[in-house]
Amino acid sequence: MDVTSIGWLTLPLAILGGAIRVSTPFIFVSIGELITEKSGRINLGLEGTLMLGAMAGYGVSYLSGSPWLGVLAAGLAGTAFGLVHGLLCSVKRVNDTAIGISLIVLGTGLAFFFGKPLIEPKAPALPSISLGFWSSVPQVRAASDVNALFFVGILLAFAVYVFLNRTGWGLMLRTVGDSEDAARALGFPVLRVRILATMAGGFLAGIGGSFLSLSYPGSWSEGLSSGQGIMAVALVIFARWRSINALGASLLFGGAGALGPALQGVGVTGYYYLFNAAPYILTLAIMVASTSRAAPFADAPGELKLHR
């Protein structure tokens, strides 16, 4: 069997492996945004948080020699940015959308400025778990390498589901997001809950950024995110604010993003840029489908600004 035949036979596995790699940051960012939106607040600044987390994670990994310390640093950087967003949006008559866009500019600017010295150095990468031990085909073994953060993301999706639906704190968060008046009547600290939810969302978005710089593509550059923070907001809407759905939607987005590289790997180079645009086309399609007149944002938290 020639190399071309092997390539076509392994194409589905290559797309699956690529989907897992591409979806991992989406899982963390989308679930983080889901937590934030469940409190009735939307954070459009995730692109800035993602870039800041990628830069911080790469820098700390390079300086410390430990990629897991880099992941922690990325999460803490995202938490700090979430705190800034939460505090600013707590001021009366401040628009969540405007603050989010401002933080995109601030986050990417800070990442670019402090990340200039990190473009050339090589930081230790996050470890992968090889699931292709059963095959002797190099393409299969390469496609079967799965980063440990992917499995953490799966556990996270189920943990957030249990948190939101089976715990008192989850009930408090959902009440704050559905009706501020009802939450205040019950004595819930609305502003504190929203700030903490935004910080939690920032922490997870920062971890998603660290995956980009420490695993796939595995380097620091100024064009690293390619709009994934913005796409994650559309993904949450598509997932109907459910963490298990967000996991599946992330894999769908990941599969769309992996289609171009997988086809290029088997020699299909025509329409390369069109295939690479698949995630963005999917985002537009989801936004159009999710805003139908029949049931616009029927599952959205009541206090979410896009629901008003």
Side-chain angles (χ1 to χ4, degrees), residues 24-61 63-64 66-91 94 96 99-115 126 149 152-153 155-157 159-160 163-164 169-170 172-173 176-177 189-215 220 224-225 228-230 232-233 236 243 246:
T24 301
F26 277 124
I27 294 172
F28 285 92
V29 181
S30 64
I31 292 179
E33 176 62 10
L34 183 148
I35 294 172
T36 300
E37 292 189 14
K38 277 293 187 179
S39 73
R41 177 170 286 166
I42 186 170
N43 183 2
L44 292 180
L46 291 175
E47 184 73 9
T49 307
L50 200 68
M51 290 299 294
L52 195 63
M55 183 277 298
Y58 196 82
V60 171
S61 177
L63 294 173
S64 68
S66 170
W68 292 110
L69 282 179
V71 172
L72 177 61
L76 293 177
T79 302
F81 228 53
L83 175 61
V84 172
H85 184 283
L87 291 175
L88 290 176
C89 291
S90 297
V91 179
V94 169
D96 291 6
I99 291 297
I101 294 173
S102 301
L103 290 181
I104 290 177
V105 178
L106 177 61
T108 52
L110 289 174
F112 293 171
F113 178 78
F114 290 108
L126 285 166
L149 276 183
V152 175
L155 294 176
L156 175 67
V160 169
F163 170 78
L164 290 174
W169 287 357
M172 181 191 302
L173 178 65
V176 168
V190 173
L191 289 181
R192 189 187 310 167
V193 169
R194 286 179 174 165
I195 290 172
L196 289 174
T198 310
M199 291 172 64
F203 179 80
L204 294 178
I207 291 178
S210 71
F211 178 87
L212 292 175
S213 59
L214 295 176
S215 180
W220 164 248
L224 191 62
S225 175
Q228 292 187 38
I230 298 296
V233 177
V236 173
S243 61

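Because only heavy atoms are used, hydrogens play no part in the values below, and waters and symmetry mates are left out as well, while side chains stay in.
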| task | For side-chain contact (heavy atoms from CB on, under 4.5 Å), just list the numbers for Val71 and Phe211, CA-CA rounded to whole Å, side-chain angles, deciding distance to a tenth of an Å, and then say yes or no. | result | CA-CA 8 Å; Val71 172; Phe211 178 87; over 6 Å; no

| message | Show, in sequence, the C-alpha distance, side-chain angles and deciding distance for Phe163 and Ile35, and conclude whether the side-chain contact (heavy atoms from CB on, under 4.5 Å) test is met. | response | CA-CA 10 Å; Phe163 170 78; Ile35 294 172; 5.7 Å; no

| query | Please walk me through it: do Phe112 and Met51 pass side-chain contact (heavy atoms from CB on, under 4.5 Å)? | reply | CA-CA 8 Å; Phe112 293 171; Met51 290 299 294; 3.5 Å; yes

| query | Can Ser90 and Ile195 be said to form a side-chain contact (heavy atoms from CB on, under 4.5 Å), step by step? | reply | CA-CA 8 Å; Ser90 297; Ile195 290 172; 3.7 Å; yes

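In terms of modelled atom types and a separation under 3.5 Å, the side chain of Ser30 and the main chain of Ile27 share a donor-acceptor contact. Within the 3.5 Å criterion, the main-chain N or O of Ala54 finds a donor-acceptor partner in the side chain of Ser213. Here the side chain of Arg41 pairs no donor or acceptor atom with the backbone of Thr36 at under 3.5 angstrom. Of the possible donor and acceptor atoms, one in the side chain of Ser64 sits under 3.5 Å from a partner among the backbone N and O of Val60.
Taking CG of Leu44 as the start and CD1 of Ile99 as the end, the distance is 11.0 Å to the nearest 0.5 Å. From Phe203, atom CZ reaches atom CG of Leu72 across 6.5 Å, with rounding to the nearest 0.5 Å. Atom CD of residue Glu33 and atom OG1 of residue Thr49 lie 9.5 Å apart, to the nearest 0.5 angstrom. Rounded to the nearest 0.5 angstrom, Ile207 CD1 and Leu76 CG are separated by 9.0 Å. With values rounded to the nearest 0.5 angstrom, Phe81 atom CZ is found 6.0 Å from Leu110 atom CG. Here SG of Cys89 is found 10.5 Å from CD1 of Ile42. Values are rounded to the nearest 0.5 Å.
Considering every non-hydrogen atom in both Gln228 and Pro25, the closest pair reads OE1-CG, 3.5 Å. Shown here for Glu47 and Ile230, the closest heavy-atom pair between the two residues is OE1-N, 3.7 Å. Residue Asn43 comes nearest to Val233 through the heavy atom pair O-CG2, 4.2 Å, listed as atom of the first residue, atom of the second, then distance. Among all heavy-atom pairs drawn from Ser61 and Pro67, the shortest one is OG-CA, 3.5 Å. Across all their heavy atoms, Leu50 and Gly229 have their closest contact at CD2-N, 3.8 Å. Summarising the geometry of Ser243 relative to Leu34, their closest heavy-atom pair is N-CD1, 3.6 Å, with the distance given to 0.1 Å.
Side-chain contact between Leu212 and Trp220: absent, with no pair of heavy atoms (C-beta onward) separated by less than 4.5 Å.
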